[in-house]
Amino acid sequence: MMNWTTKRKNIHTSSSVPHVKSAAGVVGRAPANLAVNFSPHDLFAAAARCSHLHLVNPSISTPEFQMIAKLIEPHVDNSSSNFAVLASVDSFKDFIKSYFVGTVATGLAYLAMINEGYVWSDHFEHLGGGNPSHTKKPDFVFAGVATGVALVEAKGGRSGSLNKFNTVVSDGYTDQVEAHLGHAVGGVTASHGYCIGAWLQSAQKADLLVHYTEVPAPPQPPRDDATADISTIQQHNFATAFALTHGPRLGNALRTGDSRYLFYPFWRFTWLGVNWVTGFGLNWSEAGFNKTWLLWDDLYLGAWELSPNQRFFAIEESRAKAALSRFLGKGRFLHADLPGMTPIDSSLQALVREQEDGQGTVFPDGLAYVDLSRIKVKFEPVVWNVDRLGFE
């Protein structure tokens with residue numbers, strides 16, 4: 001049987017269970033899309049971007065993508081339209097099987113959330129907040145355009161009964177999500193949440209079980225999700241995105257607003273008709289960050305080289321510029337007329353889905369994973385200038 005390398009898969013929500021909660025700022029938001037369609041690249045990249053709580057070097061995150069791919073590929077067929085984990089995974093030792101199931105479940109939960117229209121996300125621990133009297137916490141925080149702020153816990157199961165696993169998902173919602181609703185997370189009220197469980201026991205068809213927030217009716221609490229300031233969630237989303245594409249120094253600078261370094265080198269390339277930037281494979285010294293713009297070109301341009309590894313993360317250039325301008329600029333640059341964050345054009349994601357050779361994947365926030373073993377692109381060295389708010 002061929003490894004899973006190209007076939008797009010579907011997974012359906014077989015159970016959707018509401019949990020009623022009445023509190024200020026809490027809204028009900030049931031899942032609207034009960035099927036998720038995805039490629040191998042989609043799942044592997046989703047799992048890789050969700051797996052790191054701490055900032056990592058992109059030369060580590062890309063092999064992690066490959067590690068996840070090599071872990072999952074042999075245990076999913078390349079023919080069926082339904083996503084399922086084959087019986088071969090049962091040959092793993094218990095701790096490896098748990099890692100496998102948890103990794104797959106986290107990636108599927110992320111894909112389910114962006115399928116619901118959410119765009120920006122990060123680990124709950126990065127954003128902070130929540131109910132201070134409750135120690136159990138969810139995995140992630142998600143936001144979109146007028147979606148409100150959702151807390152998300154991911155669960156995976158393969159052994160035991162479906163009823164027992166459903167109890168695990170229910171408990172994940174009540175213990176890790178519900179207690180934090182109505183509290184500020186990342187500076188904005190957590191308005192609703194989900195626990196998304198991936199039931200992976202069947203070798204023919206996996207299922208999602210979702211427990212979610214509902215509110216009593218009537219009366220409905222006032223909805224504030226359309227005007228919520230989600231800039232902090234966007235900031236942490238791009239901090240993780242730039243850590244994956246460039247490295248921990250830039251990721252941490254985005255997360256903290258540290259603008260001590262004036263220049264960051266990137267590669268620019270064109271793919272799918274738009275420009276992207278990445279820092280993967282670049283070599284520069286610590287001293288380079290303290291040099292002037294004129295010295296930078298002479299001393300460090302010649303040291304840049306593309307890594308022989310041909311798979312890496314990148315960010316669509318206009319969204320990279322918007323994020324760097326808003327969150328890395330010095331205080332005087334943080335004003336309302338800077339470009340805002342918007343979801344990537346859905347037609348671009350559709351174009352990726354039409355590529356039969358698995359060129360990569362594009363997420364709605366503008367983060368992409370590109371497989372250069374399938375395509376040819378030309379790279380141009382550019383530098384992000386913190387003072388000038390642009391790539392030069």
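On a predicted model such as this, the values are computed, not experimentally measured, just so you know.
- In this structure, His180 and His134 have perpendicular ring planes: the angle between them is above 60°, well past the 30° mark.
- Classification of the Tyr194-Tyr118 ring pair by plane angle, with boundaries at 30° and 60°, yields perpendicular.
- Side chains of Arg8 and Asn37: a donor-acceptor N/O pair is present below 3.5 angstrom, by distance only.
- Using modelled atom types and a 3.5 Å distance limit, the side chains of Asn10 and Ser81 yield no donor-acceptor pair.
- Using a cut-off of 4.0 Å between Lys/Arg side-chain N and Asp/Glu carboxylate O, Lys137 and Glu125 are scored as not salt-bridged.
- Grouped with Leu209 in one hydrophobic cluster are Leu162, Phe165, Val168, Val169, Trp199, the linkage being side-chain heavy-atom contacts under 4.5 Å among Ile, Leu, Val, Met, Phe, Trp and Tyr residues.
- The only option from His192, His211, His19 that meets the ring pair (Phe, Tyr, Trp, His ring centres under 6.0 Å) definition with Tyr173 turns out to be His19.
- Using a 3.5 Å distance cut-off with no hydrogens or angles, the side chains of Asp229 and Ser231 do pair a donor with an acceptor.
- Leu34 and Leu208 are not part of a single hydrophobic cluster, where members link through side-chain heavy atoms under 4.5 Å apart.
- Less than 6.0 angstrom separates the ring centroid of His123 from the ring centroid of Phe140.
- A salt bridge is defined here as a Lys NZ or Arg NE, NH1 or NH2 lying under 4.0 Å from an Asp or Glu carboxylate O, and Asp90 with Arg158 meets this definition.
- When side chains are defined from C-beta on, Leu43 counts as touching Phe83, because their heavy atoms get closer than 4.5 Å.
- Under the 4.5 Å side-chain heavy-atom criterion for grouping Ile, Leu, Val, Met, Phe, Trp and Tyr, Leu389 is connected to Leu250 within one hydrophobic cluster.
- Using cut-offs of 30° and 60° on the angle between ring planes, the pair Trp267 and Phe379 is perpendicular.
- Ion pair Lys9/Asp77 flagged as a salt bridge, since at least one NZ, NE, NH1 or NH2 atom sits closer than 4.0 Å to an Asp/Glu carboxylate oxygen.
- Between Leu351 and Glu354, some side-chain heavy-atom pair lies under the 4.5 Å cut-off.
- Between the side chain of Asn275 and the main chain of Glu317, no donor-acceptor pair closer than 3.5 Å is present.
- Between Phe327 and Phe238, a ring centre-to-centre spacing not shorter than 6.0 Å is recorded.
- A pairwise comparison of heavy atoms in Leu127 and Val185 identifies CB-CG1, 4.3 Å as the closest pair.
- Cation-pi geometry between Arg49 and Phe363 is satisfied (NZ or CZ under 6.0 Å from the ring centre, within 45° of the ring normal).
- Aromatic ring orientation, His75 versus Phe92: perpendicular (interplanar angle above 60°, classes split at 30° and 60°).
- In this structure, a donor-acceptor pair under 3.5 Å is absent between the side chains of Asn3 and Thr5.
- The aromatic rings of Phe38 and Trp4 sit perpendicular to each other, their planes meeting at more than 60°, with 30° as the lower class boundary.
- Aromatic ring pairs are classed by plane angle as parallel below 30°, tilted from 30° to 60° and perpendicular above 60°; the pair Tyr110 and Phe142 is tilted.
- Side-chain contact annotation: Asp122 with Asn237, donor-acceptor N/O pair under 3.5 Å absent.
- Each of Phe266, Phe269, Tyr369, Trp271 was evaluated against Phe312; a single residue qualifies, Phe269, per the ring pair (Phe, Tyr, Trp, His ring centres under 6.0 Å) test.
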